[in-house]
Amino acid sequence: MQTSELQQTNQEAKGKDSGRRVFSGIQPSGDVQLGNYLGAIKGWVERQAEKTNFFCIVDLHALTVGQDPEELRQQTRSLAAMLFAAGLNPDKCTVFIQSHVPAHAEACWLLNCVTPIGWLERMTQYKDKSANQERVSAGLLDYPVLMAGDILLYDTHEVPVGEDQRQHVELTRDIAARFNHLYGETFVIPEAVIAEVGARVMGLNDPNMKMSKSFSHVRGHAVRILDDPKEIERSFKRAVTDSGNEIRFSDDPEKAGVNNLLGIYKVITAKGNAEVEADFADARGYGDLKVRVAEVVINELTPIRQRYMEFMDDVGELDRMLARGAEQAAAVSVPKVDEIKSRMGLVLP
Ligand code: ATP
Ligand code: LTN
């Protein structure tokens, strides 16, 4: 293709893409772990300039399970610092705290009134999180409706999430379609965008269970983004593998541990499967594999940890960045929530 043709195509692509809106969220519910980073944050950073992006720290969602107030406050700021340290740039995208924009809680109520309870009771995350709990909050059942509100307020086209959130995005589509049917075309029907690589990082202590921040306090489960290099190396050295010695990708549940380690290496190095396996052709057993994977993880996370410290040292600047994000988010979502109210027959002030 000629250069001029290529430029034109790029411009067309740009023009089209910049009209597409992307929304995603992350809970300030514990220490950010490698799965959050590889499955979500890293991809957000890499693609933040391509479209119109909104990234939300969903503190209202975190309230659906019990939280210590001081801890929640600290984790919310810490998560914001982490997102900026990982490379989200406020000149390219909007980063904000959900509770700073009251339209989110309002949208949740309004959408609650068109969502059948049966749809919520079917959600697997709800079933998992409520199992064996003595008391379950109404908020936990309602969690996906709050999430639907987050997404629909921004006329979102794409929702980049890990595989575990696919069902919630499907529900959001159902709620949007039902609302459009009842009250007329109001919402864009969003799509989940699930990254193929990094979509599911498994626990190092149990490669059949998703790595999760709620379990990041469990010894050997997660690598936290803020762990120091020694700690990261220790976690990898303890990682559960199998009794064999073959270093290759596999969907054999027996080899889930090795598969997980290779998957982590693959996302960070952006190599293909064959190349990754070739990199380990000379490895002396799983011990060697673990140390080498730890090394690429440490190299990836060290600069983020350093920038994080700088942001946490200047909380004033961090708060200013978040206030700017909230203002940008409100500029889109406040008119939208008014549109929803108006459609439903509420009298606007
Ligand atoms: P919690 O334990 O509180 O549910 P979490 O660690 O599962 O937390 P979320 O805040 O629910 O994380 O998710 C933030 C983002 O990180 C989502 O896009 C989610 O899909 C992604 N994510 C979470 N865990 C993993 C994982 N192990 N592998 C890949 N992506 C993940
Ligand atoms: N439920 C999501 C977090 C979340 C979200 C959103 C993701 C809340 N609102 C809107 C995408 C879009 C989670 O636990 N990962």
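Atoms within a ligand are numbered from 1 in the order they appear, just like the ligands themselves. All of these numbers come straight from a predicted model, not from anything done at the bench.
- When the heavy-atom distances from atom 18 (O) of ligand 1 to Gly43, Gly162, Gly30, Gly39 are ranked, the shortest goes to Gly162.
- If you look at Gln27 next to ligand 1, the close heavy atoms, those under 4.0 Å, come from the backbone and the side chain alike.
- Going from atom OG1 of Thr64 over to atom CG of Leu146 covers 8.5 Å, rounded to the nearest 0.5 Å.
- Within ligand 1, counting atoms from 1 as listed, the ones closer than 4.0 Å to a heavy atom of Ala40 are 15 (C), 16 (O), 18 (O).
- Annotation: Pro160 places no N or O atom under 3.5 Å from an N or O atom of ligand 1; distance criterion only.
- Between Glu339 and Lys336 there is a salt bridge, with a side-chain nitrogen of the basic residue lying less than 4.0 Å from a carboxylate oxygen of the acidic one.
- Close contacts of ligand 1 with Ile26, meaning ligand atoms under 4.0 Å from a residue heavy atom, involve 10 (O), 14 (C).
- Between Arg21 and Glu158 there is no salt bridge, since no side-chain N of the basic residue sits under 4.0 Å from a carboxylate O of the acidic one.
- Residue nearest to atom 4 (O) of ligand 1, selected from Lys129, Lys213, Gln125, Glu163: Lys129 (by heavy-atom distance).
- Residue nearest to atom 28 (N) of ligand 1, selected from Val201, Thr64, Val267: Val201 (by heavy-atom distance).
- By the 30° and 60° cut-offs, the orientation of the rings of Tyr183 relative to Phe179 is tilted.
- Exactly one of Lys129, Gln27, His61 qualifies for a side-chain hydrogen bond (donor to acceptor under 3.5 Å, both in side chains) with Tyr143. That residue is Gln27.
- Applying the side-chain contact (heavy atoms from CB on, under 4.5 Å) rule to Asn89 yields the partners Gln48, Asp91, Lys92; only residues at least two apart in sequence or on another chain are considered.
- Residue Met202 has no N or O atom closer than 3.5 Å to an N or O atom of ligand 1.
- Atoms of ligand 1 lying under 4.0 Å from any heavy atom of Asp164, numbered from 1 in the order shown and given with element: 19 (C), 20 (O).
- Interface atoms of ligand 1 facing Asn36, defined by a heavy-atom separation under 4.0 Å, are 5 (P), 6 (O), 12 (O), 13 (O), 14 (C), 16 (O), 22 (N), 23 (C), 24 (N).
- For the side-chain contact (heavy atoms from CB on, under 4.5 Å) criterion with Leu38, the lone passing option out of Ile264, Val223, Val297 is Ile264.
- Within the listing of ligand 1, atoms 24 (N), 25 (C), 26 (C), 27 (N) sit less than 4.0 angstrom from a heavy atom of Met211.
- Qualifying side-chain contact (heavy atoms from CB on, under 4.5 Å) partners for Val332, counting only residues two or more places apart in sequence or in other chains: Phe54, Tyr154.
- Every atom of ligand 1 is numbered from 1 in the order shown, and the set under 4.0 Å from a heavy atom of Ser29 is 3 (O).
- Not counting sequence neighbours, the partners of Ala256 by the side-chain contact (heavy atoms from CB on, under 4.5 Å) test are Pro207, Asn208.
- Between Gln165 and ligand 1, no N or O atom pair is found at a separation short of 3.5 Å.
- The shortest distance between side-chain heavy atoms of Trp109 and Val145 does not fall below 4.5 Å.
- Within 4.0 Å of ligand 2, protein heavy atoms come from Phe23, Ser24, Gly25, Gln27, Val58, His61, Tyr143, Met147, Asp150, Ile151, Val159, Val161, Gln165.
- Using cut-offs of 30° and 60° for the angle between ring planes, the Phe215 and His221 rings count as perpendicular.
- The cationic atom of Lys237 (NZ for Lys, CZ for Arg) does not lie both less than 6.0 Å from the six-membered ring centre of Tyr286 and within 45° of the ring axis.
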